[in-house]
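Proteins get letters first, then strands, A, B, ... in listed order; numbering begins at 1 in each. Owing to the predicted nature of the structure, the values given are computational and were not obtained by experimental measurement.
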Amino acid sequence: MSDVGFHLAFWSLSAITIGAALMVVVSRNLIHAVVFLILSFIGVAGLYLTLSAEFIAVVQILIYVGAIAVLMLFAIMLTPRAGRDNSETGMRLPALVLMGLIIAAGTFIGLETDWGSMRGEAIDNQARIIGESLINEFVLPFEVAAVLLTAALVGAIALAREDPEDGSLHYASLLEEGLISPDEPSDAAPLSGTPGGGD
Amino acid sequence: MVIGLEEYLVVAAILFGIGLYIALSKRNAIAVLMGVELMLNSVNLTLVAFSRFSDTDVALSTQVFVMFIVATAAAEVAVGLALAMVVYRNRHTVSVDDIDLLKW
Amino acid sequence: MIPLAKWYDLRDLSGLSEEITGWIGADWLASLVSGLLGALGVLAVVGPTLLILIWVERKVIARFQQRYGPNRVGPKGLVQPVADALKLVLKEELRPRAADKYLFLLPPVLIFLPALLIWGVVPFGPNMQVADLNVGVLYLLAVSSTGVIAIFIAGWSSNNKYALFGAMRVVAMSISYEVPMVLALLTVVFFTGTMSLNGIVEWQQSEDLFLVLMLPMTAFMFFFSATAELNRTPLDISEAESEIVAGYHTEYSGMRFGLFYAVELLNTLAISAFIATFFLGGWWLWGLDEWVPPWIILLAKTGGVYFIFIWTRGTLPRLRIDQMMHFCWKFLVPVGLVFLVAAAVERTLLLENNWDASIALPVFGIINAGLTVVAVVTWAKLSGTESQKLPSNAIMARGRVGGLRAAQAIRVDELGAEPVAGGGD
């Protein structure tokens with residue numbers, strides 16, 4: 001863990017990860033923020049690879065970049081354009097102070113604790129050992145996680161669908177009740193000034 | 001200088017702090033979820049670093065825990081984004097400043 | 001240097017990294033250089049193949065459609081791909097003024113990354129991979145799922161309603177068809193017991209059979225999901241020119257569009273190589289790899305699978321998006337789960353009872369083939385995906401004005417004696 005290549009890899013990956021996270025804070029456009037978040041996820045996957053955790057690195061890319069980031073992009077697209085400027089609320093200063101305190105505390109504990117003896121080389125053949133643990137010792141959390149994912153799937157679908165029979169959620173029924181006005185800009189299509197007007 | 005456990009813990013602490021700032025101070029509900037994801041990533045990084053450097057027999061159980069955190073994060077993002085979309089449909093806003101019906 | 005019998009007989013690259021370390025000295029620099037050499041080697045093999053493939057595809061599709069392909073540019077049209085590439089390079093690269101400045105430039109680059117990265121795990125021979133990962137199958141899935149983000153950003157940043165619609169449809173299709181792909185690959189991993197691609201080829205070598213004989217429905221499922229991921233006909237809603245102009249790459253011109261086009265072909269070639277590796281034995285062909293170098297065998301099999309891709313593109317019509325989604329979620333996923341359970345049961349029986357593999361595996365193959373037929377037929381009937389029964393020839397002749405619909409409107413009464421004409425006779 002001490003040769004030049006490893007140092008190069010670790011410091012550049014850490015710089016990419018933390019830099020991308022800072023750009024998520026700073027960028028003025030929410031889509032840019034999501035793209036920087038994806039870069040941060042990839043940086044963390046690279047850090048897992050420097051820790052020889054190959055299975056977790058690949059799972060990180062598969063789930064975080066391949067699924068969660070796509071979900072966020074879809075959700076941003078289906079929500080209004082007014083909220084896409086990635087602005088901050090008034091709680092900036094307390095949040096900044098809290099962030100500083102947490103970073104200081106974490107760094108202090110990380111650097112000052114004596115962590116005892118450390119292992120030199122990494123464990124080989126990790127996917128097999130993780131798989132065996134999941135089936136032998138951790139079978140109950142595994143099954144509970146499966147139930148959790150199914151519940152989340154069903155719940156997300158049930159929440160997000162527009163049920164035409166159930167009048168309470170339908171756009172037409174809202175219009176009819178006078179809760180919204182008919183010329184409300186909808187933001188499913190990001191066009192303005194086309195012939196035919198913006199939607 | 002050998003890169004040991006402490007460097008990874010410092011990186012993870014910085015990521016956690018940044019994620020916390022995003023979650024506490026952004027106006028868009030989806031940006032708050034992005035901060036939560038960064039915090040979960042930093043926790044995963046800490047756990048994997050410990051799993052790599054720990055000298056015990058059960059070192060890889062930590063990576064099993066990381067798998068569960070990843071699965072739970074995916075489920076939570078799905079439900080959170082569905083909730084954000086339902087809130088938008090009813091209140092026509094996703095700004096956390098405007099969703100304040102339960103305030104006294 | 002590496003002693004070679006003939007110049008093409010390169011079959012063992014495992015000594016190469018030690019040689020490079022010997023030249024350079026520093027360990028990390030040697031791995032960097034050998035990684036670069038591996039990437040350059042892959043590009044050197046894959047790049048010219050890409051040019052030839054454009055020609056092959058256009059000629060073969062033309063023959064399927066009973067016409068000549070390109071035959072003006074060069075002898076038999078062989079220079080056509082070069083002419084295409086030159087045209088794309090020389091075209092002006094426009095950018096819509098309202099498009100997001102940096103996000104518009106990102107997708108052609110971003111979509112090229114997974115197309116090149118997955119070539120790192122293709123096993124060209126027993127020791128000829130860029131990286132023999134322990135989690136090769138999972139790496140393939142992870143890297144190919146990052147291409148979806150590039151498509152979405154391309155559609156979004158074009159500031160064009162139709163590009164966004166096209167991108168959304170393609171993204172929905174891609175992430176839906178990732179599920180049967182994962183199920184198919186999991187079934188393969190269950191059977192062979194290893195996630196490393198070289199391990200899968202060596203399993204097929206040790207058991208002396210191709211995996212397509214054991215898992216026919218899984219092979220079909222992977223092939224079909226790959227067709228969806230690659231956006232080829234019959235699932236190419238992204239390029240349905242009559243519907244949405246050109247989908248997510250409407251606003252891209254010049255070499256940016258050329259990159260999208262090249263990436264589609266590269267991905268197709270890579271997935272053909274993967275199908276050849278998983279299901280057709282990879283670089284192994286019953287001992288032929290003693291005489292013929294294994295990478296030539298793999299390239300020949302890849303070419304064969306690529307021909308099947310071109311065949312389906314030339315003959316099948318395009319599916320509608322709701323038909324596509326129905327087929328994925330209501331047909332492929334349940335049938336894939338049935339085969340996953342079947343593969344797990346068979347593998348457990350094989351391991352626990354220590355059966356003789358040369359008898360048990362053909363029996364399992366026959367059971368799987370039977371299970372394919374039963375599962376497909378019953379589930380098709382249950383879920384309404386079964387094929388339509390066309391009216392008989394006599395009724396088709398009677399409904400001659402109006403074709404199929406008129407023929408279907410002709411009702412045959414219960415005695416079956418005289419067809420009673422409905423509307424449109």
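In this structure, the portions of A/L71 lying under 4.5 Å from any heavy atom of chain B include both its backbone and its side chain. For chain A, the nearby parts of B/I14 are the backbone and the side chain; heavy atoms of each come within less than 4.5 Å. Interface residue A/S87: backbone and side-chain heavy atoms are both found under 4.5 Å from chain B. Heavy atoms of B/I22 lying under 4.5 Å from chain A belong exclusively to its side chain. When heavy atoms are compared at a cutoff of 4.5 Å, A/S40 approaches chain B solely by way of its side chain, counted from C-beta outward. Contact annotation for A/A145: only side-chain heavy atoms (C-beta onward) come within less than 4.5 Å of a heavy atom of chain B. For B/L45, the parts lying near chain A are the backbone and the side chain together; criterion is any non-hydrogen pair under 4.5 Å. For a residue to count as touching a neighbouring chain, one of its non-hydrogen atoms must lie under 4.5 Å from one of that chain's; by this rule A/I18 touches chain B with backbone and side chain alike. Only the backbone of B/S54 has a heavy atom closer than 4.5 Å to any heavy atom of chain A. Contact annotation for A/V34: both backbone and side-chain heavy atoms come within less than 4.5 Å of a heavy atom of chain B. Using a 4.5 Å cut-off between heavy atoms, A/F55 touches chain B through its side chain atoms alone. With a 4.5 Å cut-off on non-hydrogen atoms, B/L24 touches chain A through its backbone and its side chain both. Contacts between B/E76 and chain A at a heavy-atom distance below 4.5 Å are absent for every atom of the residue. If you measure heavy-atom distances from B/A73 to chain A, the contacts under 4.5 Å come from both the backbone and the side chain. Both the backbone and the side chain of B/N41 come within less than 4.5 Å of a heavy atom of chain A. Only the backbone of B/S51 comes within contact range of chain A, with heavy atoms under 4.5 Å apart. Contacts of A/I56 with chain B are made by side-chain atoms alone, with heavy-atom separations under 4.5 Å and no backbone atom involved.
Note: A/F138 and B/F65 fail the aromatic proximity criterion, with ring centroids not under 6.0 Å apart.
At least one side-chain heavy atom of A/Y64 sits less than 4.5 Å from a side-chain heavy atom of B/L40. Using a 4.5 Å heavy-atom threshold, the side chains of A/F74 and B/L81 count as separate.
Of all the listed residues (B/Q63, B/E6, B/M85), the one sharing the greatest number of non-hydrogen pairs under 4.5 Å with chain A is B/Q63. Contacts with chain A were tallied for B/M67, B/E7, B/M34; B/M34 has the most, counting heavy-atom pairs under 4.5 Å. Of the listed residues (B/A29, B/S42, B/A74, B/S95), the one with the most heavy-atom contacts under 4.5 Å to chain A is B/A74. Between chain A and the options B/G35, B/A13, B/S25, heavy-atom pairs under 4.5 Å are most frequent for B/S25. Counting heavy-atom pairs closer than 4.5 Å to chain B, the top residue among A/L134, A/L101, A/I68, A/T107 is A/I68. Ranking A/V44, A/L93, A/L96 against chain B, the residue ahead of the rest is A/L96, based on heavy-atom pairs under 4.5 Å. Considering only heavy-atom pairs separated by less than 4.5 Å from chain B, the leading option among A/G100, A/A75, A/S133, A/G90 is A/A75. Per-residue heavy-atom pair counts under 4.5 Å with chain A were compared for B/L60, B/V79, B/V77, and the maximum is reached by B/L60. Ranked by heavy-atom pairs under 4.5 Å with chain A, the list B/L20, B/V10, B/V64 is led by B/V64.
Looking only at atom types and distance, the side chain of B/Y8 has no donor-acceptor partner in the side chain of A/S14 under 3.5 Å away.
When all heavy atoms of A/L30 and B/A31 are compared, the pair lying nearest together is CD1-CB, 4.1 Å. What you find for B/L9 and A/G110 is that their closest heavy atoms are CD1-CA, 3.9 Å. The two residues A/S52 and B/R52 have their closest heavy-atom pair at OG-NE, 4.3 Å. The nearest pair of heavy atoms linking B/A71 to A/L149 is O-CD2, 3.7 Å. What you find for A/A156 and B/A78 is that their closest heavy atoms are CB-O, 4.1 Å. When all heavy atoms of A/A21 and B/L38 are compared, the pair lying nearest together is CB-CD1, 4.0 Å.
Atom OH of B/Y21 is separated from atom CE of A/M91 by 11.0 Å, given to the nearest 0.5 angstrom. Note that CG of B/N44 and CG of A/L47 are 12.5 Å apart. Values are rounded to the nearest 0.5 Å.
Summarising the local packing, CE of B/M39 is surrounded by more than 12 heavy atoms from other residues, nucleotides or ligands at distances under 6.0 Å.
Of the possible polar contacts, none joining the A/R92 side chain to the B/K26 backbone as a donor-acceptor pair under 3.5 Å is found.
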